[in-house]
Structures are given as structure tokens and as C-alpha cells.
2 protein chains.
Amino acid sequence: MAGNSDSPVRPKRVTAQMVADLAGVSRSAVSRALNGGGYVDAQKREQIVKAAAELGYQPNALAATLQGGASRLVAVVAGDIRNLHDSNFVFRLCEGLNRQGFWPLVITGTQTASGITVEDALRFPLDAIVVRGGSMTEALVDRCGKLNIPMICYGRSIENAKADAVCCENAAGTRKATELLLAKGRKKFGFISGPQGFFSSDQRRRGLIETLDQAGLSLSFEHPGDFTVDGGFAAAQAMIASGETIDALICANDASAIGALGALRSCNIDVPSQMSVIGFDDAEMARWPMFALTTVQNPIDLMVETILDLIQRRITAPERPAKTVTVMPEILLRETH
Amino acid sequence: MAGNSDSPVRPKRVTAQMVADLAGVSRSAVSRALNGGGYVDAQKREQIVKAAAELGYQPNALAATLQGGASRLVAVVAGDIRNLHDSNFVFRLCEGLNRQGFWPLVITGTQTASGITVEDALRFPLDAIVVRGGSMTEALVDRCGKLNIPMICYGRSIENAKADAVCCENAAGTRKATELLLAKGRKKFGFISGPQGFFSSDQRRRGLIETLDQAGLSLSFEHPGDFTVDGGFAAAQAMIASGETIDALICANDASAIGALGALRSCNIDVPSQMSVIGFDDAEMARWPMFALTTVQNPIDLMVETILDLIQRRITAPERPAKTVTVMPEILLRETH
DNA sequence: CACGAATGTGCACACGTGTTCACATAGACT
DNA sequence: AGTCTATGTGAACACGTGTGCACATTCGTG
């Protein structure tokens with residue numbers, strides 16, 4: 001664990017013993033007065049409550065957790081996130097966890113850039129850990145299994161008896177998008193992918209390639225887009241500069257599609273009459289009026305609620321078999337197809 | 001604290017004593033072998049390391065913290081967030097905290113909607129708490145003072161000896177934007193505000209109103225925009241429908257400005273020749289090529305680094321006087337003014 | 001041989017909390 | 001008077017960890 005420094009001693013936090021001393025009772029009385037249970041004389045209870053307020057006493061959650069109480073801590077392993085939709089997802093997941101009375105411990109970045117590691121997070125007695133597909137490893141599943149920490153993976157399905165998962169069928173999503181454009185008579189397909197090696201991007205590409213194969217077609221243009229608007233803009237510019245006459249552009253995510261729309265409009269290529277554009281995720285930006293992007297749905301709310309449900313189920317029945325929830329994506333028809 | 005349910009007993013987490021039993025040594029030896037310090041026979045050290053790996057042992061951070069070690073937990077109180085820029089800010093703040101070896105505990109939502117409260121978070125022995133201006137209360141500052149938890153407020157300055165703050169001069173930002181447009185000869189000003197009662201929106205409005213006053217002008221149109229793209233779009237539509245001939249539109253944030261741009265373009269109002277539009281925050285969307293929004297800078301990176309700096313300083317010197325860092329916003333000239 | 005330093009070990013303590021339970025007192029009932 | 005129940009209290013325990021320190025052994029030096 002990085003970040004350990006020689007800090008000066010910080011004034012001591014108020015303890016139950018201090019309250020007991022001020023109120024002239026035992027620490028046991030303080031606990032009974034503030035939490036209920038057992039009996040406490042009414043007058044003494046008042047004194048205790050007053051002393052606690054005066055000192056600003058707040059029970060130490062860590063000490064209480066040692067007693068076997070649930071910590072309500074849930075690690076959210078977000079990994080390397082590069083666009084607004086994905087960072088918004090993490091935020092909404094935190095919101096959902098808060099609603100359920102959990103405390104999300106957010107872990108970002110890649111191993112090399114971070115001052116902390118996922119493994120370090122396992123030092124906390126987590127009630128659960130939610131890991132984004134791209135940050136999931138078999139070693140991590142193994143460790144959580146040994147520590148009896150319920151694990152939920154999102155954005156990827158995994159074959160492991162120790163972890164639940166929720167993901168959308170990425171390949172099925174791009175299959176539907178491709179089929180829609182084939183049905184419109186489109187013939188020259190382009191694809192803007194995400195960053196190299198990103199799982200979801202690879203799967204979305206696979207769905208496109210396989211569907212084109214089955215139609216006896218092949219991809220006419222391909223360029224990585226970094227999952228960002230800028231990346232999508234640049235990739236679309238490269239596509240335009242390549243001279244290929246693309247009539248159907250499928251993007252690995254909405255940010256890329258939005259960037260591509262920007263580039264196409266600045267070159268006076270009319271969407272959708274000259275070129276269809278479809279994104280993926282139904283990010284918030286996709287529905288902004290100036291984009292009205294046709295996209296493959298992968299709705300944040302549904303994913304979050306499913307994750308919360310899986311956590312609750314796992315806590316309720318720890319030995320329950322692992323479950324993978326697959327969300328079959330639907331195309332949301334707007335104006336760019 | 002909501003969320004307590006009668007959960008079945010979860011299998012016990014691996015403890016140092018279990019490792020000691022398996023390796024045939026004392027618990028003290030386990031601690032020395034895994035952490036360094038003291039002395040351990042080399043052969044026994046190997047046995048201990050092996051036993052720990054076999055059992056999947058991970059020290060319990062909470063128990064260790066009770067020893068007086070720093071928890072490295074930092075509460076991030078985000079409150080009610082409605083747009084991508086603000087949720088992205090929270091995410092980037094978490095990234096920054098992770099880089100410094102901290103664990104961000106994210107607290108979202110309003111009191112009524114949430115299963116947890118900020119006060120509940122104070123049960124954790126936090127190393128610091130970072131609170132968004134809109135969620136800041138004097139009572140909270142008081143509580144943290146009593147618990148000796150360093151507090152940093154962002155997005156608002158506060159006059160309290162117990163908390164540090166970082167904020168940009170909202171009013172100065174809209175002052176500069178207004179002056180810029182006055183200097184271009186604009187006369188008919190409109191304003192799209194944020195949600196009712198939001199601090200930053202009120203201050204940004206104030207800067208605009210005061211500057212117009214000093215120029216002997218007044219606001220010609222005003223509409224709340226909810227801090228979202230949709231809200232900005234609707235407000236701009238209302239402005240167009242009002243029949244007022246606005247030539248200068250200032251928006252309380254970039255999302256509102258982007259929504260307004262969309263509405264103006266769909267009515268063939270050319271920006272900036274017919275109407276200047278200026279946003280606030282320099283959100284990521286502002287620099288997307290299809291917007292190229294002129295905006296008042298309030299950069300995420302600088303705010304995050306300043307917050308991290310304030311935390312570090314407070315930890316290094318707990319008795320240091322409270323400090324407020326004010327970021328004087330500059331206008332970032334792009335294409336909409 | 002005596003002394004000091006280095007290596008090694010495990011017991012016991014502290015951290016802050018919730019809870020059990022032995023003990024004390026008072027009141028009600030037979 | 002004896003028994004049972006309700007109210008009330010604080011000592012002691014456990015939770016899991018890091019660490020101080022008493023004790024033991026070995027090695028090196030004068």
C-alpha cells in the first residue's frame with residue numbers, strides 16, 4: 001500500500017469511555033443508552049445522551065464491525081475509464097448502493113498508475129465487491145472466494161462458480177445493428193472500435209464481423225476510436241480520408257459515434273441519407289436532440305438494479321449457485337440509421 | 001442506518017491465528033513475517049508465507065486501523081448530481097484520491113432519498129471528508145471538528161476555522177463573460193440558470209446581474225435549466241418562443257449551453273453571428289468539435305489537485321489554520337461567443 | 001570466563017465496540 | 001417468609017491486529 005507517510009499524531013477521536021467518564025457511568029451503560037438493549041435508568045440515559053452530544057461522540061464503525069457486524073462496505077472496481085458515460089455509470093452505481101445502505105469504496109485506474117491496488121481493498125471486510133469486466137481476473141475471483149467476499153462482475157460474463165455476473169450480449173447487439181442496416185440495403189460497413197484489448201469492444205466487433213460474414217460481406221473500414229468523442233471524430237476523419245465510400249458506420253460506443261457524427265457533419269456528409277451511424281450503450285448524450293443517435297441499448301439503470309439485486313441475493317443466501325444475468329440489448333431507433 | 005437485515009451467518013474470514021496454526025508458530029510470528037519488523041527465522045518465514053497464500057489470508061484493515069494506523073478512508077460527499085460533468089468530477093476526484101493511496105467512500109443523493117446519511121459516514125475513522133458545496137452545512141463542519149476529521153469543501157467558500165475550501169469565483173466568471181459580450185456590443189442578455197436554490201447557479205447569476213447593472217442594462221430573459229442538456233434545450237426554446245431578441249446568452253453551466261446550442265441550431269439561429277453563447281465549467285463536452293463552446297473555465301484537474309493538496313497539508317499539519325483556495329476563472333475562447 | 005549485541009520467540013497489552021451475565025434491588029404474588 | 005420477575009449495573013469477554021518486551025540462545029570480543 002502506497003501513501004504511508006510519517007504523519008503527526010492526530011488528536012484522539014471521542015470514545016465511548018470519554019462519554020462514560022463525563023456522564024459518570026460505565027461504558028456499558030453508554031452503549032445501552034445509545035443503542036437500546038438491556039436497561040438504563042431514564043435519568044442516566046439523559047445524562048449520557050447529553051454527554052455524547054456535547055463531546056460529539058460517534059461510535060467507531062470499524063470497531064463495531066470487528067464484533068461481527070456487517071461493514072456495509074462494497075468495493076466498486078471501475079478500472080480504466082475514459083468517457084463520460086462510463087464514469088457516469090460508476091456514479092449511478094454508487095447512488096444505487098447508497099440507496100441500499102451500502103458504502104461504495106471506489107477503485108479506479110490501472111495497477112501501474114494507482115497508489116492502491118484491488119488486492120489492497122481486500123484488507124477491508126467487504127460485504128461485496130463489484131468489478132468491471134475489464135478489470136476482472138481469475139486470480140481476483142479466487143482471492144475473493146477464499147475471503148468469502150461476494151463478487152459481482154459487470155460488463156462481462158464469467159464461468160466461475162464463485163462470482164455472479166451481469167452483462168449485455170455485446171455481440172448480439174452489434175448483430176442486430178448490422179442486420180438492421182443490411183435490411184436497409186447498406187453494403188459498405190465501417191467500424192470504429194474502442195481501445196486495443198478492451199473486452200467489450202472486441203465482442204462488439206465480433207458480432208459485426210460474424211453478421212457480415214453470414215451475409216457474404218466484409219468490413220470495408222476499421223479504425224480504433226479510444227471510446228472517446230475525440231477518438232471517434234479522428235477515426236471518422238480517417239475514414240473519410242481513406243476514400244472508402246462507407247454507407248454504414250457502426251461504432252463500439254456512443255461517444256465514438258458522436259465524434260463520428262461531428263466529423264461527418266463538418267464534411268457535409270448527411271446522416272442518415274448518405275451514411276447510417278449506430279452507436280452502442282444508449283449513453284445520455286445519445287438522446288440529446290442535436291444527436292438523436294440510433295444506438296444499441298445498454299441502460300445504466302437496469303444494470304445497476306441488477307447488480308444491486310445480485311448483491312442482495314448473495315448476502316441473503318451465500319451458498320447460492322453463481323448466477324449470470326444476461327441483458328439482451330435492443331436497438332433504440334432514433335434518427336441516425 | 002438503513003439496510004440492516006437478518007443475514008445468515010457468513011463463513012468466517014481467514015485470520016492471522018489460522019495462518020499461525022497451519023504454520024505451527026505464534027500469531028506474533030505471522031505478523032512479523034508478513035510485515036517485517038522484529039526477527040523471524042528464514043525457514044519459518046517461508047512456512048508462514050506459504051500458509052498465508054494457501055489460506056488466502058489478507059490482514060483485516062479495520063482491525064489494523066484500531067491500532068492507531070491511518071484508515072486512508074476519505075468520504076466524498078457528492079450530493080445531488082444531475083449531469084455528466086459533475087458525475088465525471090466525482091469520478092476524477094476518486095481517481096486522484098486513489099493515486100494518493102486513499103480509499104474514497106462515495107456518498108450521493110439527498111438525505112430523503114438515500115439509505116445512508118453523511119452523519120452515518122462519520123462512524124468511520126475517516127482520514128478526511130470532501131464535501132461538495134451544495135451539501136455543506138455548519139452542523140456538519142461542527143461534527144467533523146469534534147471528531148477531528150479534516151474537512152475540505154469544494155465549489156463554495158466557507159467562513160469556518162475548521163474547514164478548508166476550494167472554489168472558483170463563480171460571480172467573477174460570469175462577470176468576465178458578460179464584460180466580453182458587452183465589449184462586442186451585445187445589448188440583450190439572456191440567462192439560463194441551474195436548478196432552483198443551487199448555490200453555484202445563484203452566484204453565477206449574481207455576477208451577470210451586477211455587471212449588467214453597472215453597464216446600465218438589465219436581463220432581458222431568464223429561465224431555469226436544471227443544469228442538464230435537456231433543460232438548456234427547453235429553456236432556449238422558451239427564449240425563442242418569448243419573442244425577445246436576445247443577442248447574448250449566458251448559461252449557468254456547459255450542459256445548459258449545449259442544450260441551448262441545439263435549440264438555436266434547430267431554429268436556424270446562427271451562433272455566434274446572431275447570438276453569442278457562453279457556458280460555464282469547461283466540461284469535456286464543451287471542447288467537442290461540434291460544440292466548440294466558449295466557456296468559463298472551472299477545470300476538473302486543477303480542482304482535484306487542489307483538493308488533494310489541501311488534504312495532504314491538513315494531514316501533515318492538523319493544527320494549521322483553515323485555508324480557502326480561490327480559483328479565478330478565465331474565459332476559454334472557442335467559437336460560440 | 002564475562003559481557004554485550006544480534007537473533008529469535010511468544011505472551012500480553014492496547015485499540016473501541018457490543019454484549020453476556022453475575023450480582024443487587026425492588027415489587028408482586030402465593 | 002419465600003419465590004419469581006422486572007429493572008438496573010458494571011466487569012469481563014470477544015473480535016483481529018500490531019507491537020513491546022521479557023526471556024532464551026548464539027556469537028563475537030576483550
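Just the heavy atoms: all of them, side chains too, but no hydrogens, waters or symmetry mates, feed the values below. This one's a predicted model, so the numbers in the text were calculated from it and none came from an experiment. So you know, we letter chains A, B, ... as the sequences are listed, proteins then strands, and number each from 1.
Along DNA chain D, the nucleotide nearest B:Ala61 and the nucleotide nearest A:Gly24 are compared for position; the residue whose nucleotide lies closer to the 5' end is A:Gly24. Comparing B:Ala63 and B:Ser28 against DNA chain C, the residue whose closest nucleotide sits nearer the 5' end is B:Ser28.
One can place OH of B:Tyr39 at 19 Å from P of D:dG18, the figure rounded to the nearest angstrom. Between B:Gln43 atom CD and C:dT7 atom C1' there is a gap of 16 Å when expressed in whole angstrom units. The nearest whole Å value for the distance from the CZ atom in A:Arg13 to the C1' atom in C:dT17 is 11 Å. A:Gln17 has its CD atom 11 Å from the P atom of D:dG10, to the nearest Å. When rounded to the nearest whole Å, the span between CG of B:Leu62 and C1' of C:dT17 equals 12 Å. Remark: P of D:dT7 and CZ of A:Arg45 are 12 Å apart, rounded to the nearest angstrom. Atom CD in B:Gln67 sits roughly 11 Å away from atom C1' in C:dG16 (whole-Å rounding). Between B:Leu34 atom CG and D:dT19 atom P there is a gap of 12 Å when expressed in whole angstrom units.
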- Stepwise side chain to side chain contact (heavy atoms under 4.5 Å, CB included) test for B:Val325 and B:Ile307: CA-CA 9 Å; B:Val325 177; B:Ile307 290 168; over 6 Å; no
- Task: Report the C-alpha separation of A:Gln100 and A:Val74 in whole Å, then their side-chain angles, then the decisive distance to 0.1 Å, and conclude whether the side chain to side chain contact (heavy atoms under 4.5 Å, CB included) test is met.
- Result: CA-CA 11 Å; A:Gln100 304 262 357; A:Val74 173; over 6 Å; no
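Residue-to-nucleotide contacts include no donor-acceptor pair under 3.5 Å from the side chain of A:Thr65 to the base of D:dC15.
Among the nucleotides D:dG18, D:dT9, C:dT9, the one closest to the side chain of A:Asp41 is D:dT9.
Between A:Asn60 and C:dT17, a side-chain N or O to OP1/OP2 separation shorter than 4.0 Å is absent. Contact check, B:Ser26 against C:dG10: a side-chain N or O comes under 4.0 Å of OP1 or OP2.
A pairwise comparison of heavy atoms in A:Val30 and A:Ala16 identifies CG2-O, 3.9 Å as the closest pair.
A:Arg32 comes within contact range of at least one nucleobase, with a heavy-atom separation under 4.0 Å. When heavy atoms are screened at a 4.0 angstrom cut-off, B:Arg27 is found touching base atoms of the nucleic acid. In this structure, B:Thr15 reaches the sugar-phosphate backbone alone: every heavy-atom distance under 4.0 Å involves primed, P, OP1 or OP2 atoms, never a base. Within 4.0 Å of A:Ser31, counting heavy atoms only, lies at least one base atom of the nucleic acid.
Counting heavy atoms of neighbouring residues, nucleotides and ligands inside a 6.0 Å radius, atom NZ of A:Lys162 does not exceed 12 of them.
Judged purely by distance below 3.5 Å, without hydrogens or angles, the side chains of A:Thr306 and A:Asp309 never pair a donor atom with an acceptor atom.
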